[in-house]
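Below you'll find the structure, written out as structure tokens, and then a few comments.
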Amino acid sequence: MSSKVSLTRYLIEQQRIDGHIPSQLRLLLEVVARACKSISQAVNKGALGSAMGSAESENVQGEVQKKLDIIANEVLIEANEWGGHLAAMASEEMDSIYLVPNRYPQGEYLLMFDPLDGSSNIDVNVSIGTIFSVLKKPEGDHGVEESDFLQPGNKQVAAGYCVYGPQTTLVLTVGDGVAMFTLDREQGSFVLTEEHVTIPADTQEFAINMSNMRHWDEPVKRYIGECLEGKEGPRGKDFNMRWIASMVADVHRILTRGGVFLYPWDKREPEKAGKLRLMYEANPMSWLIEQAGGAATNGKQRILDIQPTKLHERVSVMLGSKNEVERVTAYHAGL
Ligand code: P6P
């Protein structure tokens, strides 16, 4: 019988192979995975639990919070604050950073997360997920400040998400490819179900919210317009479209079968660089996509090279199958 490889065993064996996972980082990833299991349980209860609906409050993004947004945020904070592996955390649901209380040992890592991405889908039973990104705290014995988090995505030491769909699947990279772990509810543990995930360089499937078409910049209108022209147009092939309005679910599909995802800047709020957040949505997802052989840009530069200036800054996102991302990026350069 083929023995199942648990998340713990995978992390230990990976550490032996390439030393990418020091013990404190392994502890961090296992704690985050355990927190995702708890969030999955709360999400799966649905209307049978007491966590559905709006929390009648707004987050720093000005978005109405769902009860589960707040619960997921609290689960991640409580799971991680005492372990001694973290110095501080940051979340889409919190205005400022969260310092590990002095009563707990301080660690060397910074954890950022969107505790429940796509939460507008909760009440209609569509897949949602948790996205997380891990940085190292900069050297020095100063206390942690918000500026310590403002590192480009190419400084991440781990990144991943957990998608709460027909299966609960944890997807992870520490810089040596992408691995997927499916929650075995009978055993209560994540089991390795895919590793060395790769995305085909070409695709015939794009993901974008078409209702915003009239607001897009010309290069995006040109790119999507050519996809819509199909076989008769310059692309010479037909395209299919998907939009789940849950980045985790759309990215999971792309990691599973290829595709291209776009949430570009548009004219509705021209002062904002885009809708999605750089630090805890675009950066972790872009690293996963690149580790699987794809590409991720903001139309002008590699997302992972963007130097952040604010914790909750937004960014235009184009990611997925390499040849498609390179094409839409070239259109932004007028090519
Ligand atoms: P729209 C969810 O709110 C989210 O942040 C992403 O997960 C998703 O891709 C996007 O916004 C959906 O945005 O404008 O289509 O509802």
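All heavy atoms count here, side chains included; hydrogens, waters and symmetry mates do not. Every number for a ligand or one of its atoms is a count from 1 in the order of the listing.
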Ring centres under 6.0 Å, that's the criterion: do Phe261 and Trp243 meet it? yes
Please determine if Asn209 has a nitrogen or oxygen closer than 3.5 Å to a nitrogen or oxygen of ligand 1. yes
Neighbour count above 12 (heavy atom, 6.0 Å) for Glu271 CD: yes
Under 4.0 Å from one or more heavy atoms of Trp243, ligand 1 contributes atoms 9 (O), 12 (C), 15 (O)
Taking atom types as modelled, is there a side-chain donor on Ser133 or Asn283 under 3.5 Å from an acceptor on the other? no
Between Glu30 and Arg34, does any side-chain N to carboxylate O distance fall below 4.0 Å? no
Consider every N or O of Asn212 and every N or O of ligand 1, then say whether any pair is closer than 3.5 Å. no
Purely on distance, is any nitrogen or oxygen of Phe261 under 3.5 Å from one on ligand 1? no
Salt bridge Glu108-Lys136, side-chain N to carboxylate O under 4.0 Å: yes
Tell me: protein heavy atom nearest atom 14 (O) of ligand 1, and distance? Tyr263 OH, 2.7 Å
For atom 6 (C) of ligand 1, what is the closest protein heavy atom, and at what distance to 0.1 Å? Met247 N, 3.6 Å
Out of Glu92, Arg277, Lys275, Glu281, whose heavy atom sits nearest atom 3 (O) of ligand 1? Lys275
Determine, using heavy atoms of Gly118 and all atoms of ligand 1, whether some pair is separated by less than 4.0 Å. yes
Aromatic rings Tyr161 and His252: how do their planes relate, parallel, tilted or perpendicular, breaks at 30° and 60°? perpendicular
With backbone taken as N, CA, C and O and side chain as the heavy atoms from C-beta onward, which portion of Leu276 lies under 4.0 Å from ligand 1: side chain, backbone, both, or neither? side chain
Please tell me whether Tyr280 and Phe132 form a close aromatic pair, meaning their ring centres lie under 6.0 Å apart. no
